[in-house]
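A quick write-up on the structure given underneath.
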Amino acid sequence: MKKITKLVASLLSLTLLAGCSDAHVKLNDANTGVFKVGNKTVTKGEMFRILNANSAYVVTNDAISKICDIEVPVTDEMQANVDEMIESIKSSGEGILDYYTQAYGSLEQYTKQLLRNQQLTALYEKYVTENIERLISEQSPAYATILTFTSEEDANAALSGLNDGSLTVQDVLQQYATSSSGQPEILTLNTTTYPAEALTLARSNKKDDGWAKVNTAAGDQFCLVRVEEDDPNTYKDALITNLARNQSIQSEASASYMKKHNFKVYDKDVLDAIKESYPEYLN
């Protein structure tokens with residue numbers, strides 16, 4: 001049934017986006033069969049019940065797909081990335097590619113979805129690039145390494161060794177109990193993997209400050225922080241990639257492009273569903 005729902009939804013989204021003269025879609029032959037999958041015949045009535053249950057998602061998803069084709073058409077690089085993914089899946093184990101192709105109906109449909117994912121990534125990165133200065137101001141990014149300890153004695157010993165050069169970060173990871181990876185990371189307002197006190201220090205310190213220690217207010221964690229770069233322009237490409245993965249920014253980008261391309265829906269029931277689920281998409 002899931003495959004049928006996906007197929008019906010994709011077919012019907014095209015008719016809704018094209019628009020109609022009536023405020024509601026009317027069916028006089030709801031019991032008429034439209035197509036058959038296996039031993040299941042799907043009628044017109046079933047098609048529209050499926051659509052109504054998924055209308056907001058189906059229509060907005062199809063609209064964004066069409067916007068992708070306008071804003072970020074498929075490139076040779078995108079196609080090469082997808083071809084590489086397919087080959088990697090083929091070599092990862094027998095039956096794995098079959099699983100994906102069955103889930104999407106065919107290898108062609110699965111390939112199309114992978115290409116669409118490539119386009120979506122490009123769309124979000126395009127939006128972030130176009131709005132990077134504002135997003136930097138809003139997100140207050142930092143590029144830093146944070147080491148977190150539950151023992152203040154370990155934190156102090158690590159801090160002393162890191163600052164006098166007798167220890168490297170790898171030495172600290174091996175000699176002391178810390179849950180951190182020891183890798184530099186881009187930190188934004190959406191970062192929740194470290195205590196707030198450590199994130200605040202990462203944003204306020206400078207690269208030349210070296211390692212610094214901060215305790216949590218509860219006194220249960222002790223963090224060492226080193227800012228790796230204090231100018232976002234020095235890690236701009238990585239920052240764009242990072243921000244483009246942010247779900248709230250993705251939603252913001254989708255809404256922006258919907259309005260740019262004058263997204264409209266003419267069926268009242270579908271419009272009401274979108275108003276409830278995705279009001280930001282409507283002008």
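Nothing fancy with the numbering, it's 1 onward along the sequence. Since we're looking at a predicted model, the values are computed, not measured.
In this structure, the separation between OG on Ser88 and NZ on Lys90 is 11.5 Å, given to the nearest 0.5 Å. Summarising the geometry, atom OG belonging to Ser137 is positioned 11.0 Å from atom CD1 belonging to Ile132; distances are rounded to the nearest 0.5 Å.
A side-chain hydrogen bond (donor to acceptor under 3.5 Å, both in side chains) check over residues 167-176, counting only residues at least two apart or in different chains, returns the pairs Thr168-Asp171.
With hydrogens and angles left out, the side-chain atoms of Gln113 and Asn117 include a donor and acceptor closer than 3.5 Å. Side chains of Gln247 and Asn190: no donor on one and acceptor on the other come within 3.5 Å. Side-chain contact of Glu228 with Thr145: a donor-acceptor pair under 3.5 Å is present, judged by distance alone. For the 3.5 Å distance criterion, the side chains of Glu252 and Tyr127 qualify, holding a donor opposite an acceptor. Side-chain polar atoms of Gln102 and Asp98 form no donor-acceptor pair below 3.5 angstrom.
No side-chain donor-acceptor contact under 3.5 Å links Thr148 to the backbone of Ser180. Between the side chain of Glu197 and the backbone N or O of Asn215 there is no donor-acceptor pair closer than 3.5 Å. Between the Ser277 side chain and the Ala56 main chain, no donor and acceptor come within less than 3.5 Å of each other.
Note on ring orientation: taking the six-membered ring where Trp is involved, the planes of Tyr281 and Phe263 are perpendicular (angle over 60°, cut-offs 30° and 60°).
Taking the six-membered ring for Trp, Phe222 and Phe149 have ring centres at least 6.0 Å apart.
Shown here are the side chain to side chain donor-acceptor pair (under 3.5 Å) partners of Tyr257, two or more places apart in sequence or in another chain: Glu130.
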